[in-house]
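Notes to accompany the following structure.
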Amino acid sequence: PGFDHTVNSASDFSWHPVSNKTYWVVNLKSMSNANGSPASAYWYTSIVDSGTSLIVGPTAFISKVTEGINVKADCSNQDSLPDINVKIDDVNYKIPSSKYVIKAETIFGGSECIMGLQGANSPIVILGDVLFREYAIQFDKNNNRVGLAKHSVLNQI
């Protein structure tokens, strides 16, 4: 349920074992952007969560990942921002700015762009919908793993 097998085939997925199926804990090794060195995720529990809109993590960790990235509220620099790299196990996943910059409606009927990564006072990194915008996710409870695959060309909007 919840997975469209016509969008990606099983062979398109990179599979990652989970150490806790209740929270879909994966081995996030690091995150980075083209402007900075990788921020190690060694000390943090990392979960894949379809109920979280952003990528959320410890403030110091997220600050290192987003160092040098300044999203302009008017979205004028979105195309020039670097990719965010997410390394799970030994697989790198690139998230372009078109997926991590979120255009949000304001209460005045306009819109503004905001960063889709947020720091929190927590030892957990939550890989939410910002990752899902670029990658199809399959939660495989029977085999205790999570699969990620770049959305197929036919599924790009």
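What's counted below: heavy atoms across the whole structure, side chains too, no hydrogens, waters or symmetry copies.
- To the nearest 0.5 Å, atoms CD1 (I102) and OG (S53) are separated by 7.0 Å.
- Minimum heavy-atom separation, K99 to V130: O-CG1, 4.0 Å.
- Looking at Y23, its side chain never comes within 3.5 Å of a backbone N or O of D49 through a donor-acceptor pair.
- For H151 and F132, the distance between ring centers is not under 6.0 angstrom.
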What do the steps show when you test V48 against I137 for side chain to side chain contact (heavy atoms under 4.5 Å, CB included), and what is the final call?
CA-CA 9 Å; V48 178; I137 310 291; 4.1 Å; yes
Just distance, no hydrogens or angles: give the donor-acceptor pairs under 3.5 Å from side chains in residues 63-71, sequence neighbours left out.
residue: S63; atom: OG; partner: T59; partner atom: O; Å: 2.9
residue: K64; atom: NZ; partner: S37; partner atom: OG; Å: 3.0
residue: T66; atom: OG1; partner: I62; partner atom: O; Å: 2.9

Could you go step by step and tell me if L117 and Y100 meet the side chain to side chain contact (heavy atoms under 4.5 Å, CB included) rule?
CA-CA 7 Å; L117 288 85; Y100 72 76; 3.9 Å; yes
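- Side-chain contact between P58 and V125 is present, with heavy atoms from C-beta onward closer than 4.5 Å.
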Kindly determine whether T52 and D129 satisfy side chain to side chain contact (heavy atoms under 4.5 Å, CB included), including the steps that lead there.
CA-CA 6 Å; T52 301; D129 293 347; over 6 Å; no
Table please: side-chain donor-acceptor pairs of residues 25-32 below 3.5 Å, with sequence neighbours left out.
residue: N27; atom: ND2; partner: D89; partner atom: OD1; Å: 3.2
residue: K29; atom: NZ; partner: D90; partner atom: OD1; Å: 2.8

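- When side chains are defined from C-beta on, C75 counts as touching K103, because their heavy atoms get closer than 4.5 Å.
- A side-chain contact (heavy atoms from CB on, under 4.5 Å) with R145 is found for exactly one of F13, W24, F139, W15, namely W15.
- Taking all atoms of both residues into account, the shortest heavy-atom contact from A120 to V56 is CB-CG1, 3.7 Å.
- Of all heavy-atom pairs spanning K72 and S76, the tightest one is CD-OG, 3.4 Å.
- Annotation for Y44: atom OH counts as buried by contact number, over 12 foreign heavy atoms lying within 6.0 Å.
- Between I95 and the choices D83, L127, N33, L131, the side-chain contact (heavy atoms from CB on, under 4.5 Å) rule is met once, by L131.
- To the nearest 0.5 Å, atoms OG1 (T22) and NZ (K141) are separated by 7.5 Å.
- Of the possible donor and acceptor atoms, none in the side chain of S97 sits under 3.5 Å from a partner among the backbone N and O of V101.
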Given the rule in the side chain to side chain contact (heavy atoms under 4.5 Å, CB included) test, do S98 and Q78 qualify, once you have shown the distances and angles that lead to the verdict?
CA-CA 7 Å; S98 62; Q78 181 176 349; 3.9 Å; yes
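- In this structure, H16 and V91 have side chains that are in contact, with non-hydrogen atoms separated by less than 4.5 Å.
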